[in-house]
Peer 1: 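Mind looking over this structure? Questions follow.
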2 protein chains.
Amino acid sequence: MLYGVTDLLKRNQLSVTDSRKKILELFMRSDGALAHADIEHHSGTEFDRVTIYRTLQTFVEKGIIHTIPTSDNSVRYALCKDECSEGHHHDDHVHFMCDGCGTTYCLDHVTVPAIALPQGFLASQTDVVISGKCDKCG
Amino acid sequence: MLYGVTDLLKRNQLSVTDSRKKILELFMRSDGALAHADIEHHSGTEFDRVTIYRTLQTFVEKGIIHTIPTSDNSVRYALCKDECSEGHHHDDHVHFMCDGCGTTYCLDHVTVPAIALPQGFLASQTDVVISGKCDKCG
DNA sequence: TAAATTTTGCAACAATGTTGCATTAGTGTA
DNA sequence: TACACTAATGCAACATTGTTGCAAAATTTA
Ligand SMILES: [Mn+2]
Ligand SMILES: [Mn+2]
Ligand SMILES: [Zn+2]
Ligand SMILES: [Zn+2]
């Protein structure tokens with residue numbers, strides 16, 4: 001696992017630092033998506049808030065994690081699959097936010113449908129976020 | 001128009017105040033969705049920031065406006081259609097955010113498709129947010 | 001190992017959001 | 001219309017979230 005993290009960072013031409021390793025491990029260990037605040041709390045006082053912001057930004061740019069839009073002013077982040085790379089995300093799956101436990105799931109096997117837009121509108125990315133009760137909170 | 005705003009507030013059992021009227025008029029005049037900051041700027045120093053927060057919250061609760069999730073920590077708000085009422089939103093249309101002009105559109109005639117979820121997951125709301133270029137920025 | 005490069009932590013700041021409370025404005029009634 | 005009652009507003013104070021510049025520390029490269 002440790003090796004996996006280091007390897008992933010190197011594959012993305014990122015220097016291997018403590019914070020990057022720890023934050024990446026946290027993503028790998030966690031069930032659902034993480035908000036900035038989650039990371040700040042889970043990693044204790046280990047890293048500066050600024051470092052976390054910059055790490056998340058770097059990971060998004062490199063295609064290591066992707067963002068999930070929300071209506072509550074707290075963007076969530078989750079690991080990308082292998083197909084994503086620098087500047088080219090391919091996360092075409094549906095996201096689910098449970099009203100019960102608060103978990104945000106990547107439903108990797110539920111793909112976002114194609115949606116016909118009005119004349120002149122050109123889509124570059126489609127986000128589908130469904131909220132409701134998850135299988136544990138049903 | 002003024003009468004319409006007053007009427008809408010009364011229909012929702014809300015007292016008719018300056019800030020509510022002005023903010024509602026702003027929504028009616030504007031093409032796309034508005035963020036809190038837009039309202040704060042457009043209405044000048046007319047109202048306290050806190051009043052704007054509380055007004056938006058009230059309007060959402062009453063089903064007068066609905067929220068649009070984003071990935072940039074700035075929830076947008078737009079007018080609901082008539083079918084929405086207190087605690088019961090029925091905004092099943094797709095949203096479009098233009099990368100060019102920044103406008104967020106309610107595509108009222110593009111309905112969100114039904115999406116099959118894994119066993120045990122129960123949907124209560126589905127948000128579809130598409131980004132790309134609008135018909136003016138093609 | 002040493003130099004070059006990158007990342008980090010800190011400080012300072014800006015923006016955004018929340019709460020309690022006194023004052024003000026709006027509503028229903030006499 | 002005037003009054004009492006109720007609801008909304010503005011203000012202050014605070015909490016949270018996000019950004020930038022820069023010196024110190026860590027990592028990479030040679
Ligand atoms: Mn995902
Ligand atoms: Mn809408
Ligand atoms: Zn759940
Ligand atoms: Zn546009």
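Just so it is clear: chains get the letters A, B, ... in the order the sequence lines come, proteins before strands, and each one is counted from 1. Small disclaimer: the values here were computed from a predicted structure and weren't measured.
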Peer 1: With heavy atoms under 4.0 Å as the rule, sort Ser74(A) into base, sugar-phosphate or nothing.
Peer 2: nothing
Peer 1: Side chain of Arg49(A), base of dG9(C): donor and acceptor closer than 3.5 Å?
Peer 2: no
Peer 1: Heavy atoms under 4.0 Å is the rule here; annotate nucleotides 22-30 of chain C 5' to 3' with B where the base is hit, S where only the sugar-phosphate is, and - elsewhere.
Peer 2: ----SS---
Peer 1: Give the nucleotide from the list dT18(C), dC10(C), dT8(C) with an atom nearest to the side chain of Arg20(A).
Peer 2: dT8(C)
Peer 1: Test Thr104(B) against every option in Leu34(B), Thr70(B), Ile68(B), Val129(B) by the side chain to side chain contact (heavy atoms under 4.5 Å, CB included) rule and name the one that passes.
Peer 2: Ile68(B)
Peer 1: Distance check needed: dT6(C) P versus Lys62(A) NZ, whole Å only.
Peer 2: 11 Å
Peer 1: Using whole Å, what does the distance between atom P of nucleotide dA12(C) and atom OH of Tyr53(A) come to?
Peer 2: 19 Å
Peer 1: In whole Å, I'd like the distance from the NE2 atom of His36(B) to the P atom of dG17(C).
Peer 2: 7 Å
Peer 1: For chain B and DNA chain D, what are the first and last nucleotides along the strand, 5' to 3', with at least one atom under 4.0 angstrom from a heavy atom of the protein chain?
Peer 2: dA7(D) to dG18(D)
Peer 1: If you look only at pairs with a residue in residues 11-40 of chain A, which of them pass as a ring pair (Phe, Tyr, Trp, His ring centres under 6.0 Å), with sequence neighbours excluded?
Peer 2: His36(A)-Tyr53(A)
Peer 1: Strictly distance-based, threshold 3.5 Å: is any side-chain N or O of Asn12(B) a donor or acceptor partner for the main-chain N or O of Leu14(B)?
Peer 2: no
Peer 1: Rounded to whole Å, how long is the line connecting atom CZ of Arg54(B) with atom C1' of dG17(C)?
Peer 2: 12 Å
Peer 1: Calculate, to the nearest 0.5 Å, the distance between atoms CG and CD belonging to Asp38(A) and Glu40(A) respectively.
Peer 2: 10.0 Å
Peer 1: For Asp99(A), does the CG atom sit with more than 12 other heavy atoms under 6.0 Å from it, leaving out its own atoms?
Peer 2: yes
